[in-house]
Amino acid sequence: MSNEQARSIDKATVELLEKARKEEISTVFSRADRIKPCPIGAEDSCCKVCAMGPCRLPRSKKGEQQERTGVCGATIDTIVARNFARKVAAGTASHSDHAREVVETFLKTARGEAQGFAIKDEVKLLEVALDFGIDIEGKDATAIATELGEKALNEFGRQHGELAYTKKAPLKRQEIWRKYGVMPRGIDREVVEIMHRTHMGVDQDYRHILLQTTRCALADGWGGSMISTDLQDIMFGTPVPVLGSINLGVLKEDQVNVIVHGHEPLLPELLVVASRDPEIKKLTEEVGAKGVNLAGMCCSANEVLMRHGIPCAGNFLQQELALVTGAVEVMTVDVQCQMQGLQGVAECFHTKLITTSDRAMIEGATHIEFHPEKGLETAKQILKMAIENYPKRRHAVYIPDHSRDIVAGFSHETINYLLGGLFRASYRPLNDNIINGRIRGVAGVVGCNNVRTVHDSAHIAMIRELIKNDVLVLTTGCAAMACGKAGLLTPEAAREYAGSGLAEVCEAVGIPPVLHMGACVDNSRILVAATAMVKEGGLGDDISDLPAAGAAPEWMSEKALAIGQYFVASGIFTIFGTTWPTVGSENVTRHLFEEFEGMFKGTWAYEQDPVKGARLMIDHIDKKRKALGIDKAGERVLFDMAMRRALG
Ligand code: SF4
Ligand code: MSK
């Protein structure tokens with residue numbers, strides 16, 4: 001096996017890694033070979049929050065702590081908890097600042113100030129307005145949207161009370177949050193409070209720090225991320241299942257290739273519109289190209305795939321490799337998960353890397369800022385640059401011949417409709433199939449790629465084990481893309497990979513055994529789906545009662561930790577792979593892995609082996625089935641007419 005083959009289970013990735021090596025192009029893979037992870041940082045036993053440090057408190061090889069405290073007396077527990085809290089704050093801030101941008105664009109759209117945007121889903125507008133307590137009687141869509149935008153914006157700066165969406169959670173869950181004082185007040189406030197509490201000499205009780213960490217994460221899941229998802233749906237349309245394609249083979253040698261990368265779907269939505277403009281089509285023909293081929297990367301890809309079927313070029317570890325093809329005229333990036341290494345790769349080719357957010361610039365890249373007021377103009381300007389760049393390809397193009405069809409776009413609303421039908425849309429059939437044992441349980445497998453593991457391998461190993469054991473998988477982010485590349489996102493995958501019970505249900509409904517629910521912020525859809533299952537009845541009265549579990553087997557970003565923390569605080573058993581950031585403190589780890597169970601009825605776990613991780617999830621699901629009294633397969637009885645009449 002070549003070095004490259006050992007880095008990824010995806011053939012397109014391996015082929016382009018080989019090309020990068022031969023051409024001496026630096027990528028995340030080659031840099032990871034050079035830079036070994038810092039052992040002290042890996043267990044987060046280093047504090048640098050004041051200039052008397054940094055204070056390093058690593059354990060010896062025998063596991064003993066040589067220094068018990070930092071210079072100020074801070075214990076290893078305080079230091080590790082502070083580091084963890086700051087990561088969750090950064091993750092929450094990232095999702096929520098994305099949400100803020102969405103809300104501001106939403107408000108401009110409602111006021112008629114945003115170019116190219118509209119309110120597309122009026123049904124969802126009404127539903128979300130009701131969630132925010134807006135009186136919709138006698139008001140038109142514009143008035144409701146304006147009021148909703150203003151209320152949503154207030155959620156960020158709110159100082160007291162409870163975030164509006166927390167009322168959507170099961171009542172029992174809300175009571176738990178109130179009992180432990182973790183009900184989020186305002187999104188920004190919870191992030192700021194973590195930064196304050198973790199400043200030198202403030203909160204120095206690890207359990208207390210972790211309570212605020214929980215409150216902050218809940219402000220992400222039941223705040224920023226949920227707002228983002230819902231308002232995007234209202235503006236761009238709630239996703240319905242679409243056929244798309246995935247992997248680097250979606251790039252086209254004879255077309256102008258434009259990749260949208262990052263997280264905010266605002267500009268990408270307008271690039272979709274602009275790419276269909278007759279002027280753009282004419283300019284494309286003039287340079288001898290057969291069209292503009294728009295493709296997505298990372299979560300921007302998930303957004304445009306789910307709503308328009310735009311092809312998805314790849315996930316996190318493939319971003320530089322897309323440019324190594326030599327076929328990309330322009331890559332736009334906005335915020336999050338975009339590597340600075342992209343610019344170095346772009347410089348090896350004719351590719352223009354364009355930063356588009358006022359919050360993110362990359363040295364050497366072209367900066368064309370997106371503002372909703374002239375969004376469509378900006379989109380056209382970018383496409384024109386790409387078209388002009390097409391004749392400047394300097395190298396032979398190499399596009400791996402690997403791409404697959406996928407079905408994506410399973411929003412909560414779609415699952416409701418698909419399972420229950422148009423006239424009785426509900427989660428009843430899902431709950432019934434869980435109760436009768438055809439579906440053993442539900443797992444959310446989400447999150448990133450991490451170059452310290454074999455690209456995509458942990459996602460696929462874990463998910464195959466889950467579906468083989470009749471666990472329906474909901475997926476988002478880079479995990480979803482890994483599934484697409486491995487052929488798990490088509491209805492046919494049910495027959496090939498799923499256990500007989502799950503396959504039977506999937507085939508009856510015509511869905512894949514793994515449902516692609518969107519981007520990172522769309523993990524909020526999983527919370528909504530879990531809540532809908534509870535409210536449907538028969539599976540307990542809280543999310544923690546459900547036979548359900550979560551995982552991020554290849555996580556790398558701070559956002560993943562925020563997601564994991566709000567999953568756990570919502571009552572979901574959650575497993576992370578790759579590495580775990582609190583191993584420096586046994587107390588902090590015990591608190592998160594054991595004591596949380598008693599408090600939040602959900603807990604963290606860490607397991608590097610994805611199949612063992614899946615087994616732990618299945619054990620948890622079985623434990624919950626037993627507690628619900630549905631662990632014995634129900635006898636399937638065929639009702640004759642007399643029995644039906646007796647039912648009344
Ligand atoms: Fe060291 Fe305390 Fe300063 Fe942290 S806050 S760097 S432990 S002295
Ligand atoms: S893009 S956060 S690598 S899922 Fe959302 Fe992928 Fe993780 Fe970024």
Side-chain angles (χ1 to χ4, degrees), residues 28 40 44-58 65 67-83 86-87 90-95 98 197-204 209 220 225 228-229 260-265 296-303 305-306 312-319 333-339 444-453 455-456 458-459 475-484 516-524 551-564 576-578 584-585:
V28 58
I40 301 172
D44 251 349
S45 52
C46 168
C47 180
K48 51 186 171 65
V49 304
C50 92
M52 297 192 289
C55 299
R56 303 188 303 169
L57 278 68
Q65 217 99 43
E67 287 293 342
R68 306 298 305 172
T69 68
V71 171
C72 68
T75 63
I76 184 68
D77 303 331
T78 297
I79 290 170
V80 169
R82 279 200 298 227
N83 288 336
R86 284 190 168 208
K87 288 188 169 85
T92 301
S94 304
H95 287 142
H98 165 165
R197 287 210 207 177
T198 57
H199 182 276
M200 193 272 157
V202 187
D203 199 356
Q204 289 156 111
I209 294 169
D220 178 352
S225 283
S228 211
T229 294
V260 292
H261 175 20
H263 280 78
E264 294 175 353
M297 177 65 65
C298 278
C299 279
S300 290
N302 288 324
E303 301 276 9
L305 164 73
M306 295 228 301
C312 177
N315 53 5
F316 178 67
L317 286 180
Q318 294 179 291
Q319 55 184 282
V333 294
D334 47 43
V335 290
Q336 302 162 24
C337 304
Q338 46 222 25
M339 296 186 201
V445 182
V446 307
C448 324
N449 290 141
N450 186 321
V451 77
R452 304 296 178 189
T453 63
H455 172 229
D456 286 350
H459 288 307
T475 183
T476 63
C478 292
M481 290 181 258
C483 291
H516 183 316
M517 293 189 86
C520 307
V521 291
D522 295 326
N523 286 309
S524 59
E554 295 183 36
W555 78 280
M556 64 87 204
S557 83
E558 293 166 316
K559 290 183 294 169
L561 287 176
I563 294 165
F576 270 34
T578 66
S585 161

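Just so you know, ligand 1 is whichever comes first in the structure, and atom 1 is the first atom listed for that ligand.
Using a 3.5 Å distance cut-off with no hydrogens or angles, the side chains of Ser225 and Ser228 do not pair a donor with an acceptor. There is no side-chain donor-acceptor pair under 3.5 Å between His98 and Asp334.
Using 4.0 Å as the threshold, Arg82 has a heavy atom nearer than that to some atom of ligand 1.
By the 4.5 Å heavy-atom criterion applied to side chains, Thr578 and Met556 are not counted as neighbours. Residues Val521 and His263 fail the side-chain proximity criterion, which asks for heavy atoms closer than 4.5 Å.
Against a heavy-atom cut-off of under 4.0 Å, Ser557 is close to the following atoms of ligand 2: 2 (S). Those atoms of ligand 1 that come under 4.0 Å of a heavy atom in Met200, given as number and element, are 5 (S). Each of the atoms 3 (S) of ligand 2 lies under 4.0 Å from some heavy atom of Met556. Listed by number with element, the atoms of ligand 2 under 4.0 angstrom from any heavy atom of Phe316 are 3 (S). Residue Cys448 has at least one heavy-atom neighbour below 4.0 Å for each of these atoms of ligand 2: 2 (S), 3 (S), 4 (S), 7 (Fe). Which parts of ligand 2 touch Cys299 is read off a 4.0 Å heavy-atom cut-off, strictly below it: atoms 1 (S), 5 (Fe). Close approach to Gly70 involves these atoms of ligand 1, each under 4.0 Å from a residue heavy atom: 7 (S). Shown in contact with Gly53 at under 4.0 Å from a heavy atom are these atoms of ligand 1, numbered in order with element: 6 (S). Each of the following atoms of ligand 2 lies closer than 4.0 Å to a heavy atom of Lys559: 2 (S), 5 (Fe). Residue-ligand proximity, Gly447 to ligand 2, at heavy-atom distances under 4.0 Å covers atoms 4 (S).
Distance from atom 2 (Fe) of ligand 1 to its nearest protein heavy atom, with residue and atom name: Cys72 SG, 2.4 Å. Scanning the protein heavy atoms around atom 5 (Fe) of ligand 2, the nearest turns out to be Cys520 SG, 2.1 Å. Scanning all protein heavy atoms for the shortest distance to atom 4 (Fe) of ligand 1 gives Cys47 SG, 2.3 Å. For atom 1 (Fe) of ligand 1, the closest non-hydrogen atom of the protein is Cys55 SG, 2.3 Å. For atom 3 (Fe) of ligand 1, the closest non-hydrogen atom on the protein side is Cys50 SG, 2.4 Å.
Among the backbone and side-chain atoms of Cys478, an N, O or S atom lies under 2.8 Å from atom 6 (Fe) of ligand 2.
Not one N or O on the side chain of Thr69 forms a donor-acceptor pair closer than 3.5 Å with the backbone of Ala74. In this structure a side-chain-to-backbone donor-acceptor pair under 3.5 Å is present from Glu554 to His459. No donor-acceptor pair closer than 3.5 Å links the side chain of Thr476 to the backbone N or O of Cys520. Not one N or O on the side chain of Glu303 forms a donor-acceptor pair closer than 3.5 Å with the backbone of Ser300. Looking only at distances, a side-chain donor or acceptor of Asn83 sits under 3.5 Å from a matching main-chain atom of Cys46.
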What verdict does the side chain to side chain contact (heavy atoms under 4.5 Å, CB included) test give for Cys72 and Met200, after you've listed the backbone C-alpha separation in whole Å, the side-chain angles of each residue and the deciding distance to 0.1 Å? CA-CA 9 Å; Cys72 68; Met200 193 272 157; 3.5 Å; yes
Would you sort out whether Phe316 and Met339 count as a side chain to side chain contact (heavy atoms under 4.5 Å, CB included), showing the intermediate values? CA-CA 9 Å; Phe316 178 67; Met339 296 186 201; 3.5 Å; yes
Side chain to side chain contact (heavy atoms under 4.5 Å, CB included) assessment of Thr198 paired with Asp203: CA-CA 6 Å; Thr198 57; Asp203 199 356; over 6 Å; no
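Of all the heavy atoms of His263, the ones lying under 4.0 Å from any atom of ligand 2 belong exclusively to the side chain. Heavy atoms of Cys337 found under 4.0 angstrom from ligand 2 belong exclusively to the side chain.
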